[in-house]
Every structure is written in structure tokens, then in C-alpha cells.
Amino acid sequence: MLLISKKWHTARAFESEDAAAIVRMLLNARGITDDAEVEEFLSDKPKQWHNPFLFCDMQKAVDIIIDSMNLGERILIYGDYDADGVTATSILVRYFRMHNCNIDYIVPHRAEHGYGLTDNIMEKIVEKKPQLLITVDCGITNIDTVKKVRDMGVKVIITDHHNVKDELPEAEAVICAKRADNTYPCKDLCGAGVALKLVEALGRNGKYKVSSNFWHQAVELAGIATIADLVPLVGENRTLVKQAFKSMQNPANLGVRKMNEMILGGNGKTLDETFISFNFVPRINAAGRLYDSSDSLKLFLEDDEKLVTEAVNSLTKQNDERKEIEAKVFAEAVEQLESPDRPNEWAITNTVGPLVVYGPDWHQGVLGIVAGKLSQHFRRSAIVFTNDSIVKDNLKGSGRSFGEFDLYSALDSVGDLCLNFGGHKKAAGLVVEKDKLYQFMRRLEDNSANNSQVDSDIDENVDWNDEDDSLVADVVLDVGQIDFDTYNEICKMKPFGIGNRKPTFVTRNVTIGELQTMSNGAHVRLDVFDSKAGNGTEAAKISVVGFNMGQLSKVLKVGDKVDIAYSLNEHSFKGHTSLSLHLMDIKLDYKKDFLWAKSEYAERLYRSGLELTELRKLANHPMSDLVPSDEQYGECYKILYNLANNELSTCDADLLARLITNETGKLFTPFQLMRCLDVFSEVGLINLAYLSDSRVCFSILQATDRKKLSDSATFQRMKRYVQQ
């Protein structure tokens, strides 16, 4: 059971009657205030496009490549197996094919070769007998392998976009905007974006120009990769994606056209960054995750319609298979974490560091996705391990962080136990020796415990860059302002993504008029109306859907006054397009009732030793609203047992107390709930952990003997106040 709400940070209300003014308000909040900047940001033809020769070593690389082309030398492109690497590889291969060059390519197999230009791939490189090797989307950290390739007499050009370590590879040219001596204005191009700039530079040579058709294909592929690789969609990247979408209205690349026709056509989806992220990219990545990237490359490199159609069908099938494998691994990981047989020291309620799970036969290609799903499911950072397919005595892992936890720093603190690790604050990959896993877990947990701090500060101190546990609302809208005029203005800010997130809106003081669940209780739909206008005013009603928020149906009820946070979207079905509001969070109106609206402060005061008689005066509640009755202990345990008996639960006290209140039909305050949980924990009915002052994590224990609540110190303490 997961019942939590985020910490909200809201902007000012939108008070203009002109819907167009909302865009200026949003851009100003993003720091885009100058008229020229606003015009450029909203333009259908943005002009931010930089000279490729501003890259360090670009001229050097162009000269070497042109010489190789003139001499008819064998050129080998070496890419990566994800969407960025595949599209980057396709861009360069298509360019050299256009000029009838002696061209070949290699994209490694994830399980056989691992990531990057490593020694594991040397045999295949030798087989190809290249005279010039060009890497795309990798190579910047492969110092030793680059030296070995050059020692074979092969020239090497590195094109990459990843972070640079202390030294650069000793290649003929290194094109990467993350170099310390970088002079290129946009540091956040993806790998395919860098490949695009390379062919742009090559095309300025009179002999090896870039055709219009090829350029459109290259822009389409680089645009897809820019979205796939989650680089900031500002500046030159924004220009690139806008150009890509314009070209993809009538795609030049046959693979892009077929993918759009077979997935997009007739199902109400819109060609935008959301479609690319959730429909296009997963299919391209599926091949590299499960097998090799041959079908993804076939999709972009072939001009035979039959072969391309086969590639689309194959990628769709592989993506479906990926989903099945991912679901199976996720289910097994959850079962492992919630198993009563899991050693008590690694029980989720007893740890503060990342959750660590290991499955010997889990597929390496889905580890990162599963780690991300675990972090969202348990609201904790997570690392997922499986056996390394290359070195049998090693474990390969992938981690994702939750909230403000810095995963990279945590791994750096145990770096001596990692054979290899890399990444950043939110995500990382690592390799650990199998017989050192326990030592790794122990040190990681100890370090995390020493560095952990319970965040119980009020909203003003929240790190608003943390999207996991906080919500940044851009604008407060009235119900009457939620219409297609507003939505169409918002769409002018597309494409949305990193650096230009989709706006989040808040509407306050609406009343729930109708509530229903969908998809067997997985989702919830609310019809709400403006509390000031009244339920009888049809125009004042709006509907909002909360995906994967079905459990809210037990917390909310018709007539509740709430604030809703949501994004604006459109939904098309059978030719009809309607406005769709996607619920992101909801807050109940507790009318400033201390025990509800400030439940975390009540908990903090109680645990600091404040007597309940004093707390009762502060809360302005009778003692019966603080001390659970014998009947309430029984009702609380029965409800928790029925709802959360077979799973770990993470809940905010106010939401869980509302659920119990609704289930019993009697007032059950957050403070009473927390005392019940304390008692149940003390007598061994549940495992309990406080994640913050008012957020708990608990699991039901299977009791082997009858427990006496009177054995609990908390129970005895509460009993002293029953008559007061």
C-alpha cells in the first residue's frame, strides 16, 4: 500500500483574462524574460545553431576523414546499443554510404561486450581491418583500448558527449563538449547530436556535400536521440528537436515513417516528445537490452520497405518481450524485499540506505528499469544486481536514487569495493565481486546511516529540484481557466523535457462531485466542481484522472474539498479530441485543524517528550482524539491486516488516518494512528520505520502467539490519559 503526498511549492495565481499571457508568465519563471529570448523560444524556426568547427579538434577530424575518403580507406563506425548510439551510428553510416565510401560499423552486444570501446570488442575490430575508427556516443573514457587500437596502426577519432575523466584518450581527434578545454557553446548535445555536427562539418567540403534528403534523415534521427537521452531541451537541442518534428510530419527516413504509421496511425496519439519517449524509443532500446541492435539499425539504415516493416514488427515484439521480462524481474525483486525470510538486518524497515536485491538469472538489460520502478514503488533508492555475463565471478548492478539521496556519492564512499562504477546523483551502474556483495551492502548501509538526515522541514526548505518527493506547481488556475485556449497556449512551449519541464497547475478549493476507480482499481477518476459555483453549474465541472492512484479512492469521498495538482493534456478517440487532466497530487482541506494539517508537528512534539495534556491544549482537541480506545486499536489492526497483509506499506499519517476514518465511519486522527502503530510495533505485530515525522513504512508480521497490547510501553502511557 502506498499512500503519500508530495510537498508542494506553488507559484502565483494566473489573474489575466488573456490566455496568451500565461506563456509569458511561465517563461518568466524559467528565467526567459527578454523579448528576443521569448520570441526565439516560441519560434517555429529557432535560430540557435552553432558552427560545428567551434568544437575542439573538429577541423582535425574533418581533415583526417576527408583524407581517408579520398584514399578509399576502410572506415569503421563504433557505436552504442541504446537509441542514442544506434541513431548516431546510422547518421554516419548513411553519410559515408551516400558518398560510396568503404564503410562498416559495429554496435556491441550488451551481455557479450559491455558498454563502450572495451577490450571485449577488440577481436571484432581486428576482424573488420579498419584504417580509421570513429566512435559515436562512447569512447571518451576508454583510454587503454584506444591506445591498443592505435598500436595496431588504426587512426582513431572519438565523438562522444559523456563526462570526461582526468585524461583524454590519445586519439587523432576527440570531439566532446565535456572536455575541460571545450569551446563549443552547447555542452549538452547527445551522441547523435555530436554525430550530426560532424557530418555538418564534413558537408562543408565541396566534394562531400550533404544532400537535402540525407540532412532531413539525420535531423530526424538526432531529434529522436535528443529526446531519448534526456538531455536539456533548450538552446541548440530545442532547435534540433523542433526541426526534427517538422521533418517527421513527412519523414525522410523510411524507418521513422514506418514506425509512425504502424504505431501512431489511427490510435489518437500525437507526434510529440511524449510519443517519442513512450512509444518510439522503448522499441529501439528493446533490441539492445535483450539481444543486439541489428533490428534497430535495420530500421534506420535500410531503404527496402519490406525489410523496414519487418524491423518495426520485430522491435515491437522485442519490446513486448522486454516488458514481460521486466515485469517478472520486478515482481521477483519485490517478493525478495518483502519476504519474511529476508534477514532482519536487511528488512526495509531496518535500513536507511539503498535497497539491494540480487537475482542470479535476471536479465542485465532490464536492471536499470527495475531499479527505477523499485525506487518509486518503495520510495527508496534501489540497486539491482545479477550475475555478470562476461566475468562469472562478478555481479553487475544498476541503481536509481529516490528523493535527495546522492547515489553516486554513496557508491563513491564504497568505491574500493567496486571493480567499476559510474553515473551521477540519480542513476549509476556498477560491478562488484560476487563474494564481496555482503561487505558492499554492509558498508553502503553504514555510510548511508551515518549521512542520513530525516527531512522534517517545512516547505520553504525543500529542494525543489527533487521531483520524487516534491511538486513544483507553475501556476494556480481557477476552474474556469481550464480550457483549450489555455492548453493551446501551453503547447507553444513544446517540446517539453529536461530544462523545459511540462507545466504543473494547481486548482484550489474544489469539491469532489463524483469518484470512481478504473482498470480494476488501478486508477482513479474524480469529477470536481468549483466550490464557489456549486455542483449545479455544469460549466464549473472538470474531470481529472489519477493514474496508478487507485488507493486514493479509499481516502477521498464525495463532498471532500481538495486542492488538485495536474498537467494539461489532450485525448483523442474516434475523431473526438477532449481536454485531459492528469492528476499529479491532491491535498485535502483540513481547515487548519492542528492534528490533521500539522500532524508532523504533533509527532515531533510528542516524541520530544511533551505531555499529552499540553499537546491537547495546543491542538484544541479533546483527549479522546489523541488516545486510541480499545475498540480503535482493534479496528485499526483489522483494516491494516486486510489492506496490507502481503506487502510493505509506505504511508503518510494523515492519508492513512483518513482511510481508516472512511472505513470505520468514525473519526480516527493521525495522532491516534501513529500511537496504534507504535503499540503494534512494540508487541511484534508489525515491523515499523519512521521515514519522517509523519511518514511511516511498515509490514504486517505473522504472529505465532497471541500478543497483549498491554505489554506495550506506549499502550501503558496512553492509558494514563484515558480519563483526562
Side-chain angles (χ1 to χ4, degrees), residues 45-79 87-105 130-137 139 154-161 171-177 179 182-186 189-223 225-226 236-237 239-240 242-244 246-247 250-254 256 300-303:
K45 298 179 180 178
K47 301 174 183 177
Q48 288 203 43
W49 196 261
H50 306 300
N51 186 335
F53 289 101
L54 292 175
F55 267 107
C56 295
D57 284 2
M58 181 63 83
Q59 186 62 63
K60 213 185 285 187
V62 168
D63 291 343
I64 293 168
I65 293 170
I66 295 297
D67 283 346
S68 289
M69 294 170 77
N70 287 334
L71 294 171
E73 292 182 340
R74 188 168 186 78
I75 301 172
L76 179 65
I77 309 301
Y78 185 88
T87 51
T89 300
S90 300
I91 288 170
L92 287 189
V93 170
R94 274 196 170 275
Y95 173 78
F96 289 119
R97 282 181 178 177
M98 180 176 63
H99 291 293
N100 300 312
C101 295
N102 188 358
I103 183 69
D104 205 345
Y105 62 87
Q131 291 157 296
L132 171 63
L133 173 70
I134 305 174
T135 74
V136 290
D137 191 35
V154 179
K155 293 169 287 188
V156 178
I157 294 174
I158 304 293
T159 76
D160 203 347
H161 71 114
E172 271 67 22
V174 178
I175 302 173
C176 179
R179 290 176 53 161
N182 172 63
T183 54
Y184 193 75
C186 180
L189 289 173
C190 66
V194 178
L196 182 72
K197 301 306 291 188
L198 176 59
V199 298
E200 180 186 359
L202 289 166
R204 296 191 180 189
N205 178 277
K207 185 176 180 181
Y208 299 109
K209 289 185 176 180
V210 172
S211 70
S212 175
N213 178 270
F214 166 77
W215 182 252
H216 281 293
Q217 292 195 53
V219 167
E220 289 166 15
L221 300 190
T226 300
E236 190 171 27
N237 281 335
T239 300
L240 173 55
K242 280 199 168 188
Q243 288 185 2
K246 184 177 181 181
S247 182
N250 183 23
N253 183 270
L254 180 59
V256 175
F300 296 129
L301 288 176
E302 293 293 343
D303 293 318

OG1/Thr183 to CZ/Phe53 distance, rounded to the nearest 0.5 angstrom?
12.5 Å

Measuring from atom CG of Leu133 to atom CD1 of Ile77, what distance do you get when rounded to the nearest 0.5 angstrom?
8.0 Å

Heavy atoms, side chains only, cut-off 4.5 Å: are Thr159 and Ile134 in contact?
yes

Donor-acceptor contact present, side-chain His99 to main-chain Lys209, <3.5 Å:
yes

For the side chain of Lys197 and the backbone of His50, is there at least one donor-acceptor N/O pair under 3.5 Å apart?
yes

From CZ (Arg204) to CD1 (Ile66), nearest 0.5 Å:
13.0 Å

Which atom of Cys186 lies closest to which atom of Asn237, heavy atoms considered:
SG-ND2, 4.4 Å

CD1 on Ile158 to CG on Asp137, rounded to 0.5 Å
12.0 Å

I need the minimum non-hydrogen distance between Val156 and Leu132, along with the two atoms involved.
N-CD1, 4.4 Å

Do any N or O atoms from the side chain of Arg179 and from the backbone of Val174 form a donor-acceptor pair under 3.5 angstrom?
yes

Looking only at heavy atoms, what is the nearest atom pair of Ala218 and Leu196, with distance?
CB-CD1, 3.5 Å

Is a side-chain donor or acceptor of Gln131 paired with a backbone partner of Arg74 at a separation under 3.5 angstrom?
yes

Non-hydrogen side-chain atoms of Gln217 and Phe300 separated by less than 4.5 Å
no

So which heavy atom on Ala195 is nearest to which on Leu92, and how close?
O-CD2, 4.1 Å

Could you go through Asp303 and Arg94, starting from their C-alpha distance and side-chain angles, then the distance that decides it, and tell me whether this counts as side chain to side chain contact (heavy atoms under 4.5 Å, CB included)?
CA-CA 11 Å; Asp303 293 318; Arg94 274 196 170 275; 2.7 Å; yes

4.5 Å side-chain heavy-atom contact, Leu54 and Pro185
yes

So do Ile75 and Met69 actually touch side chain to side chain, heavy atoms under 4.5 Å?
yes

Decide yes or no for Phe214 and Ile91: does some side-chain heavy atom of the first lie under 4.5 Å from some side-chain heavy atom of the second?
yes

Before you tell me yes or no, could you show the steps for Lys242 and Lys246 under side chain to side chain contact (heavy atoms under 4.5 Å, CB included), namely the whole-Å CA-CA distance, both residues' side-chain angles and the distance that decides it to 0.1 Å?
CA-CA 6 Å; Lys242 280 199 168 188; Lys246 184 177 181 181; over 6 Å; no

Distance-only polar pair, side chains of Ser247 and Glu220, donor-acceptor under 3.5 Å
yes

Identify the two heavy atoms, one from Met58 and one from Pro52, that lie closest to each other, and give their separation to 0.1 Å.
CG-O, 3.4 Å

Nearest 0.5 Å please: distance from the OG1 atom of Thr89 over to the CG atom of Leu301.
8.5 Å

Look up atom CD1 in Ile175 and atom CG in Leu198, then write down how far apart they are to the nearest 0.5 Å.
5.0 Å

Derivation of the side chain to side chain contact (heavy atoms under 4.5 Å, CB included) call for Leu202 and Tyr208:
CA-CA 7 Å; Leu202 289 166; Tyr208 299 109; 5.8 Å; no

Provide the closest heavy-atom pair for Ala201 versus Val62 in the form atom of the first, atom of the second, distance.
CB-CG2, 3.7 Å

How far apart are the C-alpha atoms of His161 and Leu189, what are their side-chain angles, what is the distance that settles it, and do they pass the side chain to side chain contact (heavy atoms under 4.5 Å, CB included) test?
CA-CA 7 Å; His161 71 114; Leu189 289 173; 5.6 Å; no

Would you call the rings of Tyr184 and Phe55 parallel, tilted or perpendicular if under 30° counts as parallel and over 60° as perpendicular?
parallel

